[in-house]
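Contents: one structure, followed by commentary.
Computed from a predicted structure; not experimentally measured.
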Amino acid sequence: MSQKLAVPHRGDRLTIGMVMLLIAGAAFGLWLIIDQFRSQFQVGNSPEDRVGHWLFLLVFVLGGLSLVGPPLLLWTARRRPWGAGRLLWFAHGTAAWLLWPPVVYLRVRGVLPRDSMSAVCYFYGTPLMAVYVTLTLLAGGYLGRSRRRRISRSWQETFGLLLGLAWACTGLYWISLFYREDFRR
């Protein structure tokens with residue numbers, strides 16, 4: 001009896017080129033925000049303001065990692081459904097592709113992201129979207145054990161789940177700040 005050897009698909013292996021793309025994406029997100037980050041840290045701020053500045057930096061670095069997702073996932077796509085990790089990565093990457101062009105344009109012109117409506121929408125909207133989508137995936141059973149077994153756990157699935165978790169944690173932080181601000185009144 002002959003057994004067929006399973007040939008791994010090109011998207012199942014993390015290559016040095018893909019790692020380089022992820023690093024470049026994170027660096028691009030950092031480039032978008034670094035001038036604003038520096039200028040805000042030079043001014044004496046309260047500890048809460050400093051947390052907000054670090055969170056702004058985190059959101060744009062996560063955005064850079066997410067930015068790589070749509071082209072990479074489409075390039076390595078198979079003819080089978082995506083799991084929750086790929087879905088999360090694609091959704092957050094699509095948000096970056098849709099909202100970052102005006103931010104990049106303004107950044108090249110010397111305008112800080114805090115003065116860009118697209119950057120503000122991205123800063124608040126994407127983490128909140130992560131909470132909504134993650135809760136939907138949990139409620140729909142897409143993150144349960146039985147579902148994960150049917151879809152192979154490639155590095156893209158795992159990375160997408162971890163990225164989605166980081167986005168959702170950021171969104172939960174925003175929700176807690178919104179609640180705290182509203183209930184103080």
Side-chain angles (χ1 to χ4, degrees), residues 11 13-76 85-134 154-178:
R13 291 174 283 160
L14 181 62
T15 65
I16 190 72
M18 291 177 190
V19 171
M20 289 169 52
L21 281 173
L22 290 170
I23 291 170
F28 184 71
L30 186 61
W31 171 78
L32 282 176
I33 198 66
I34 196 68
D35 286 344
Q36 179 175 331
F37 185 75
R38 284 182 189 148
S39 71
Q40 289 177 335
F41 256 81
Q42 291 173 353
V43 180
N45 293 325
S46 69
E48 279 185 4
D49 289 340
R50 289 189 184 263
V51 168
H53 301 324
W54 281 105
L55 195 59
F56 211 64
L57 182 76
L58 174 67
V59 164
F60 275 83
V61 170
L62 288 174
L65 293 170
S66 298
L67 184 72
V68 176
L72 183 66
L73 291 170
L74 291 173
W75 180 60
T76 60
R86 286 184 177 116
L87 180 118
L88 286 166
W89 194 7
F90 192 83
H92 296 113
T94 303
W97 278 97
L98 292 174
L99 290 172
W100 277 14
V103 179
V104 171
Y105 171 75
L106 292 173
R107 171 68 169 91
V108 169
R109 294 187 62 211
V111 179
L112 295 177
R114 70 172 174 240
D115 299 325
S116 164
M117 187 57 135
S118 295
V120 171
C121 288
Y122 186 80
F123 181 59
Y124 290 109
T126 306
L128 294 175
M129 177 185 69
V131 173
Y132 311 147
V133 173
T134 302
S154 70
W155 75 271
Q156 291 175 346
E157 277 298 318
T158 304
F159 183 78
L161 287 171
L162 292 173
L163 190 63
L165 178 63
W167 276 114
C169 289
T170 307
L172 288 174
Y173 179 77
W174 279 129
I175 289 172
S176 72
L177 286 181
F178 297 157

side-chain contact (heavy atoms from CB on, under 4.5 Å) assessment of Leu88 paired with Leu163: CA-CA 8 Å; Leu88 286 166; Leu163 190 63; over 6 Å; no
Before you tell me yes or no, could you show the steps for Val68 and Met18 under side-chain contact (heavy atoms from CB on, under 4.5 Å), namely the whole-Å CA-CA distance, both residues' side-chain angles and the distance that decides it to 0.1 Å? CA-CA 9 Å; Val68 176; Met18 291 177 190; over 6 Å; no
side-chain contact (heavy atoms from CB on, under 4.5 Å) between Ile34 and Arg107, intermediate numbers included: CA-CA 10 Å; Ile34 196 68; Arg107 171 68 169 91; 4.1 Å; yes
Worked check of side-chain contact (heavy atoms from CB on, under 4.5 Å) between Ile33 and Val61: CA-CA 9 Å; Ile33 198 66; Val61 170; 5.8 Å; no
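For the side-chain contact (heavy atoms from CB on, under 4.5 Å) test with Thr170, the passing option among Val131, Ile175, Val59 is Val59; the others fail.
A donor-acceptor contact shorter than 3.5 Å links the side chain of Ser176 to the backbone of Tyr173. A donor-acceptor pair is defined here as one N or O able to donate and one able to accept, closer than 3.5 Å; no such pair exists between the side chain of Arg86 and the backbone of Leu161. Although no hydrogens or angles enter the test, the distance criterion places no donor-acceptor pair under 3.5 Å between the side chain of Trp89 and the main chain of Gln156.
The side-chain heavy atoms of Thr158 and Ser154, taken from C-beta on, include no pair separated by under 4.5 Å. Two residues are said to be in side-chain contact when any heavy atoms from C-beta on lie closer than 4.5 Å; Leu14 and Phe159 fail this criterion.
When all heavy atoms of Ala96 and Gly63 are compared, the closest pair comes out as CB-O, 4.0 Å. Residues Ala130 and His92 approach most closely at CB-NE2, 3.2 Å, considering heavy atoms. Closest approach of Ser118 and Pro102 over heavy atoms only: OG-CG, 3.3 Å.
Between Trp174 and Phe178, the ring planes lie parallel to each other; the angle is under 30°, not in the 30° to 60° tilted range.
One distance of note links CE of Met117 with CG of Leu106; it measures 12.5 Å at 0.5 Å rounding. A distance of 11.5 Å separates CG in Leu72 from CG in Leu67, rounded to the nearest 0.5 Å. The CG atom of Leu32 lies 11.0 Å from the CG atom of Leu57; values are rounded to the nearest 0.5 Å. In this structure, CG on Leu162 lies 11.5 Å from CG on Leu65, to the nearest 0.5 angstrom. Atoms CG and OG, from Leu22 and Ser66 in turn, are 10.0 Å apart once rounded to the nearest 0.5 Å. Here Phe123 contributes atom CZ and Phe56 contributes atom CZ; the two are 5.0 Å apart, rounded to the nearest 0.5 Å.
With hydrogens and angles left out, the side-chain atoms of Thr134 and Trp167 include no donor and acceptor closer than 3.5 Å.
For Trp31 and Phe60, the ring centers sit 6.0 Å or farther from each other. Taking the ring centroids of Trp97 and Phe90, they lie at or beyond the 6.0 Å cut-off.
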